[in-house]
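Take a look at the structure set out below.
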Amino acid sequence: VVKRTLSLLSEASAASFVFESKNFDKPPYSGYTIYRPVFDRWYAQKAREAGVTLLAGCLVEELLSDGNSFAGVKIGRDKGEIRAPVTIVCDGVLSLLAQKAGLRKSPEPGALALGIKALFRLNEEEINERFGLVRNQGCSQEFIGCTKGIRGGGFIYTQTRTLSTGLVLHLESLKKSGIAPYDLLQYFLDLDPVRKLLKGTRLVEYSAHMIPEGGYRHIPRLFGDGVLLAGDAAGLCYTNGLNLEGMNLAVASGFHAAETVLDAFQKSDFSAKQLAQYQSRLKESFVLRDMKTYEKAMDFMRTDRLFSIYPALVSTIMERIFQADGKPRKKIGRIGWDAAKEALPLSDLVGDLLKGGRSLL
Amino acid sequence: MIPDHIFELASYRIDQEPHITVNREICRPCPHKACTFTCPAGCYQWNERSARMDFAYEACLECGTCLVLCDQGALKWNYPRGGFGVRFRLT
């Protein structure tokens with residue numbers, strides 16, 4: 001990914017901030033969009049080459065316990081049990097396994113977002129042309145102000161021959177809205193800036209997935225006797241408005257879980273005390289450090305105005321700046337001030353600026 | 001509308017046993033019935049005439065939205081048995 005765009009939308013207009021860097025087009029690359037069917041197969045193959053036995057198509061029903069310690073998993077096939085001195089639980093955002101085992105509480109709507117995605121087919125040349133890319137460069141474009149006031153936003157990510165588009169919607173806010181996510185997705189896809197990018201594409205897949213958006217404070221205890229939690233199951237995910245991190249944290253937590261397990265095998269000790277090392281490793285790594293750094297940003301992201309009033313305000317200001325109607329222009333600062341006063345009470349604006357400042361600066 | 005074409009837009013291997021069961025008695029007095037509009041696959045529909053929650057598990061995308069938003073305790077929710085359920089071939 002060499003190009004990142006943030007677009008603030010209103011009914012009639014869009015104001016975008018585009019960042020593009022040559023430094024992201026050479027090693028060490030800073031970001032990728034991945035195509036999961038290809039990536040997952042490759043990744044599984046790597047694991048097999050390293051000696052892993054992969055059991056796909058087999059539901060893990062619960063963790064086994066031998067009284068003091070977790071002792072593997074019960075699988076829903078042939079009344080099977082797979083016993084192990086340590087289990088890394090990474091069954092995704094709901095983590096029914098961790099819930100059943102009492103390792104974490106059931107997730108609350110306030111700490112989750114629903115992601116829905118539509119995958120469109122388009123040829124590589126056309127993608128590069130439309131998004132201003134060459135070779136295998138990629139770009140990501142995020143949108144706010146396109147969710148009818150629901151906290152959340154839209155996205156378009158380029159892959160080689162597909163475009164991933166969709167919405168992420170805070171669950172609590174979605175529930176309050178009474179709007180169906182697919183209706184909102186259709187509304188988003190029909191907005192001018194989005195429609196132009198998708199012209200002539202073919203919808204080939206639709207999917208939905210929940211995202212843990214509780215932030216640092218919602219991270220459960222990450223280890224116990226004979227057990228570790230990783231990835232979405234551990235609530236490792238954050239956003240600060242510009243960075244949206246989940247997969248990097250999942251991969252890194254998996255790596256640190258593996259290192260912890262290796263060490264446990266060497267010491268033949270799978271107690272919580274030994275496995276606590278996992279938490280220390282994550283605390284030293286970017287995983288928990290970044291989550292902690294942006295702890296307050298996650299709270300700030302629960303400000304409804306960010307997704308309604310502010311994108312519209314930016315549009316109003318830009319429109320007034322560029323408007324040529326034969327009337328004398330005001331100074332830009334004055335235009336901004338007047339528009340802000342019309343859009344919201346000054347106390348809200350100041351409050352949000354302070355809160356935003358504290359969470360990001 | 002996307003849910004009308006969902007079987008063309010995601011692939012499924014449907015189990016005969018539903019992986020979610022709904023206690024309709026609990027749904028009837030539910031004040032918000034949030035599942036009826038938040039489910040991205042449109043699996044839940046409130047039937048006004050018969051005052052009954054209509055539920056079809058076949059199109060479920062297994063996201064868990066209904067489970068999280070149901071604060072009435074009407075759902076028994078699990079992932080489908082191994083090999084069944086939705087399969088995202090492309091995503």
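Proteins come first, then strands; the chains are lettered A, B, ... in the order of their sequence lines, and each starts at number 1.
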Report the distance from atom OH of A:Tyr182 to atom CZ of B:Phe37, rounding to the nearest 0.5 Å. 10.0 Å

Taking side chain as everything from C-beta outward and backbone as N, CA, C, O, which of these in B:Asn78 sits under 4.5 Å from a heavy atom of chain A? Side chain, backbone, both or neither. both

Tell me, with the steps shown, if B:Trp77 and A:Leu94 meet side-chain contact (heavy atoms from CB on, under 4.5 Å). CA-CA 11 Å; B:Trp77 202 106; A:Leu94 299 174; 3.7 Å; yes

Could you look at B:Arg87 and say if it's the side chain, the backbone, both or neither that has a heavy atom under 4.5 Å from chain A? backbone

Count the heavy atoms of every other residue, nucleotide or ligand shown that sit under 6.0 Å from NZ of A:Lys176, and state whether that count exceeds 12. no

Say whether, by atom type as modelled, one donor and one acceptor occur between the side chain of A:Gln186 and the main chain of B:Met1 under 3.5 angstrom. no

Cut-off 4.5 Å, heavy atoms of chain B, and the answer for A:Leu171 is both

Distance in Å, A:His209 NE2 paired with B:Cys63 SG, rounded so as to fall on 0.5 Å steps: 9.0 Å

Can you measure from CG (B:Leu69) to CG (A:Leu114) and round to the nearest 0.5 angstrom? 9.0 Å

Report which part of B:His32 has an atom under 4.5 Å of a heavy atom belonging to chain A: side chain, backbone, both, or neither. side chain

Mind ranking B:Gly83, B:Ala41, B:Pro3, B:Ala34 by heavy-atom pairs under 4.5 Å with chain A and telling me who comes out on top? B:Pro3

Proximity breakdown for B:Cys35 and chain A, heavy-atom pairs closer than 4.5 Å: neither

Looking only at atom types and distance, does a side-chain atom of A:Tyr206 sit under 3.5 Å from a main-chain N or O of B:Pro40, one as donor and one as acceptor? yes

Please check if the number of heavy atoms outside A:Lys100 that lie under 6.0 Å from its NZ is greater than 12. yes

Any chance OH of A:Tyr43 has more than 12 other-residue heavy atoms, nucleotides or ligands included, within less than 6.0 Å? no

Assess the residue pair A:Leu96 and B:Leu67 against the criterion (side-chain contact (heavy atoms from CB on, under 4.5 Å)); give the C-alpha distance rounded to whole Å, side-chain angles, the decisive distance to 0.1 Å, and a yes or no. CA-CA 11 Å; A:Leu96 301 180; B:Leu67 175 67; 4.1 Å; yes

